[in-house]
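In what follows, a single structure is set out as C-alpha cells and then discussed.
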Amino acid sequence: MKFDVLVVGAGFSGSVTAQCLADAGYSVLVIDRREHIAGNAFDEPDRHGVLIHRYGPHIFHTNSDKVAQYLSRFTEWIPYEHRVLAEVNEELLPIPINQDTINRLYGLHLDEAGVAEYLESVRESRQPVRTSEDVVLNSVGRDLCDKFFRGYTKKQWGLDLSELAGNVAARIPVRTNRDDRYFSDKFQNMPKEGYTRMFERMLDHPNITVEVGIDFESMCDRVRRKHTVYTGPVDAYFKHCYGHLPYRSLHFEHEHLPGVRRHQPVGTVNYPNRHAYTRITEFKYLTAQEHSGTSIVREFPRAEGDPYYPIPRPDNEALYQRYKALADAEPDTTFVGRLAQYRYYNMDQVVAAALKAVEPLVEAAKGETVRG
Ligand code: FAD
Ligand code: UDP
C-alpha cells in the first residue's frame, strides 16, 4: 500500500491532522486499533437507544475561536453548560467550590466579599506552589481540601495530592460568586448529532482512507509513505526503551435505568469520600435527549488497562522528555495528542495541537503546488 501519510489513531489528534493533510492534497491512510473512529470521544446509542459516551463523559468547551470555527465545519452544536455536585457530609454541594458550597457546608450566609474573606482566613499560604496539595491548600485551606479533593484524588490517581503536579488540581477553579458551572469557557456546546457523527464528517474526504481494528505494529512495514503521524502512547512507539511511561486507566460501568426520567439532579455527581468510583454521569443532561429511561456511567480508576490519562509528576515528565528527544530526532514522524505528547489535554487543546502540528506539512504542500 502506498500513501503520502499514515496517521496512527482516529481520535481528535489523528482525525484533525488527517483532515487538514487531505485538504492540503496529501493521500492519507488513518488506522486505529479499536473497531471505531473518534478515539476516547466515541459515542453511540446503547441497547436502549440512549446516546452514551463509551469512554466516559466528554463535554466540549473552549476559549479558542480557531478551534470552535474549525470543528463547526463538521457539526452543528447544542448549548450545554456542565454542572457538577460533590457528595460531602451526605449533602450534594456545588464543585467548583463557590459561595453556595461554603454557605451550605458551614451553615453561613456570606456574600461574595464574605466568602473571599472566609477563604483568606482559612487558606494556607504555600511558597512555592508546586504540587496539587499546594494549589488547593493555598486557595481553600485544609478542611475543604480534605473534604473535596484528597479522597477524590487518591481514588483517581492512586496518589496523594502532594504527589501530583499543581496543574491537576488547578483545573478546578475556586469561586466566591454563585456561578455553579464546571467550566468557565466562552464556548460551551455539544455536537448536535454526537461526536462520532462529527468525526465521520471530518474523515469523509476523497483523499482519506480509514481502516479500523488495525494496529500500527502490523501496518508499519506494509504501508509505503513519506510521513507518519503517531497519536498513540509515545513510549510504546519506542518499544519502551527507557521503561514504561505511566498512564492512568479507568473501568467504565454503564447502566440503563428503564422508566427513570432523571437519576440525579445534574450531569455529574462526584464522590470524593465514598465508593470505589469517582463519579456518576447521566448522559441525557449532556445530550438533551428525550427518553423514557436514562443511562449512567460510573468511573472506576485503575492502574492497568487502556491508557487514558498521563500522570503529571516531575519524574514522569523527566522520563517523557527522554522520549521526546527521540521523537524530535525523527523528522518523518509527527507525534501529537494526549498520549503521544504525554499532556493532560482537553479535547480543544488536542485540536489546537493537531492544527499546529500539521502546519509545516501544509506549508510544504503549498510550496509543491507553487513549484508544480
Ligand atoms: P485518543 O482519543 O486516545 O485517540 C488515540 C487513538 O489512537 C485511540 O483511538 C487508540 O486506539 C489509537 N491508537 C493508539 N495506539 C495505537 C496503535 N499502536 N495502533 C493503532 N491505533 C492506536 N476532554 C474534554 O475536553 N472534555 C471532557 O469532558 C473530557 N472528558 C474526558 C473523560 C475521560 C474519562 C477521559 C479519559 C478523557 C476526557 N477528555 C475530555 C479528554 C479527551 O478524551 C482527550 O483530550 C482526547 O480524546 C484526546 O484525543 P487523542 O486523539 O489525543 O487521543
Ligand atoms: N478533583 C477533586 N475533586 C473533585 C473534582 C476534581 O479532587 O470533585 C481533582 C482530582 O485530582 C481530579 C482533578 O481535580 O483528577 C481534575 O478534575 P477534572 O474533573 O478536570 O478531571 P477529568 O474530567 O479530566 O477526569
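What you are looking at is a predicted structure, and each value in this text was computed from that prediction instead of being measured. In each ligand, atom 1 is the first atom listed, and ligand 1 is the first ligand listed. Side chains included, hydrogens not; waters and symmetry mates left out as well; all remaining heavy atoms used.
No hydrogens or angles considered: nothing links the side chains of Tyr320 and Asp235 as a donor-acceptor pair under 3.5 Å. Side-chain atoms of Asn40 and Arg338 form no donor-acceptor pair, as typed in the model, at a separation below 3.5 Å. In summary, the side chains of Tyr237 and Glu330 do present a donor paired with an acceptor at a separation below 3.5 Å, with no hydrogens or angles considered. Looking at Thr228 and Arg225, their side chains do bring a donor and an acceptor atom within 3.5 Å of each other. Checked by atom type, the side-chain pair Thr196/Asp43 shows a donor-acceptor distance below 3.5 Å. Looking only at atom types and distance, the side chain of Ser218 has no donor-acceptor partner in the side chain of Asp215 under 3.5 Å away. In the model, His48 has no side-chain atom that pairs as donor or acceptor with a side-chain atom of Ser295 under 3.5 Å. In this model, no donor atom of one side chain and acceptor atom of the other lie less than 3.5 Å apart for Thr294 and His263. There is no side-chain donor-acceptor pair under 3.5 Å between His254 and Asp46.
Across Tyr152, Tyr344, Phe149, a single residue satisfies ring pair (Phe, Tyr, Trp, His ring centres under 6.0 Å) together with Trp157, and that is Tyr344. Of the listed residues (Arg83, His82, Arg279), just one forms a side-chain hydrogen bond (donor to acceptor under 3.5 Å, both in side chains) with Thr268, and that residue is His82. Each of His53, His58, His291 was evaluated against Phe283; a single residue qualifies, His53, per the ring pair (Phe, Tyr, Trp, His ring centres under 6.0 Å) test. When each of Tyr309, Tyr247, Tyr323 is paired with Tyr342, the ring pair (Phe, Tyr, Trp, His ring centres under 6.0 Å) condition holds for Tyr247 and for no other. In summary, of the residues considered (Val84, Leu286, Thr281), a side chain to side chain contact (heavy atoms under 4.5 Å, CB included) with Ile59 occurs for Leu286 alone.
Among the atoms of Arg33, some N or O lies under 3.5 angstrom from an N or O of ligand 1. For the pair Phe12 and ligand 1, the shortest N or O to N or O distance falls below 3.5 Å. Where the criterion is an N or O separation shorter than 3.5 Å, residue side chain and backbone included, Tyr308 fails it with respect to ligand 1. Not a single N or O atom of Arg279, backbone or side chain, sits closer than 3.5 Å to an N or O atom of ligand 1. Geometrically, ligand 1 and Val336 share no nitrogen or oxygen pair separated by less than 3.5 Å.
Using bins of under 30°, 30° to 60° and over 60° for the plane-to-plane angle, the ring pair Phe183/His61 lands in the parallel bin.
Near Val350, with a cut-off below 4.0 Å to any heavy atom, the atoms of ligand 1 are 45 (O), 48 (C), 49 (O), 52 (O). Shown in contact with Gly337 at under 4.0 Å from a heavy atom are these atoms of ligand 1, numbered in order with element: 52 (O). Heavy-atom proximity to Thr231, at under 4.0 Å, picks out these atoms of ligand 1: 5 (C), 7 (O). Every atom of ligand 1 with a heavy atom of Gly9 under 4.0 Å away is listed here by number and element: 6 (C), 7 (O), 12 (C). Close approach of ligand 1 to Tyr55 is summarised as follows: ligand atoms under 4.0 Å from at least one heavy atom of the residue are 33 (C), 34 (C). Those atoms of ligand 1 with a heavy atom of Leu339 less than 4.0 angstrom away are 3 (O). For ligand 1 and Tyr345, the ligand atoms under 4.0 Å from any heavy atom of the residue are 41 (C), 44 (C), 45 (O). Near Leu250, meaning under 4.0 Å from any of its heavy atoms, are these atoms of ligand 1: 34 (C).
The shortest contact between atom 14 (C) of ligand 1 and any protein heavy atom is with Gly232 CA, 3.5 Å. With hydrogens left out, the protein atom closest to atom 25 (O) of ligand 2 is Tyr309 OH, 2.5 Å, a heavy atom. Closest to atom 23 (O) of ligand 2, if we only count protein heavy atoms, is Arg279 NH1, 3.0 Å. What sits closest to atom 8 (O) of ligand 2 on the protein, heavy atoms only, is Asn270 ND2, 2.9 Å. Nearest non-hydrogen protein atom to atom 12 (C) of ligand 2 is Tyr152 CE2, 3.7 Å. Nearest non-hydrogen protein atom to atom 41 (C) of ligand 1 is Arg338 NH1, 3.3 Å.
Counting heavy atoms closer than 4.0 Å to ligand 2, residue Val168 contributes atoms from both its backbone and its side chain. Counting heavy atoms under 4.0 Å from ligand 2, residue Tyr182 touches it through the side chain alone. Contacts of Lys147 with ligand 2, taken as heavy-atom pairs under 4.0 Å, are absent altogether.
The distance from atom CG of Asp348 to atom OH of Tyr70, rounded to the nearest 0.5 Å, is 14.0 Å.
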Yes or no on side-chain contact (heavy atoms from CB on, under 4.5 Å) for Glu282 and Val269, after CA distance, side-chain angles and deciding distance?
CA-CA 9 Å; Glu282 184 171 2; Val269 176; over 6 Å; no
Could you walk me through whether Val212 and Arg34 pass side-chain contact (heavy atoms from CB on, under 4.5 Å), step by step?
CA-CA 6 Å; Val212 293; Arg34 288 167 167 166; over 6 Å; no
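Contact between Glu299 and ligand 1 is present, with at least one heavy atom of the residue lying under 4.0 Å from the ligand. Heavy-atom distances between Met219 and ligand 1 stay at or above 4.0 Å for every pair. The closest approach between a heavy atom of Tyr309 and any atom of ligand 1 is below 4.0 Å. Within the 4.0 Å heavy-atom shell around ligand 2 one does not find Glu299. Between Ile214 and ligand 1 there is a heavy-atom distance shorter than 4.0 Å.
Relative to atom 32 (C) of ligand 1, the option among Pro57, Gly11, Gly56, Cys220 with the closest non-hydrogen atom is Pro57. Considering Ser218, Pro307, Ser13, Gly39 only, the shortest heavy-atom separation from atom 53 (O) of ligand 1 involves Ser13. Summarising the contacts of atom 6 (C) of ligand 2 with Thr153, Ile172, Val84, Val88, the nearest heavy atom is found in Ile172. Nearest-heavy-atom check against atom 21 (O) of ligand 2 across Tyr344, Tyr271, Tyr345 picks out Tyr344. Of the candidates Thr268, Ile59, Asp185, Ile59 brings a heavy atom nearest to atom 28 (O) of ligand 1.
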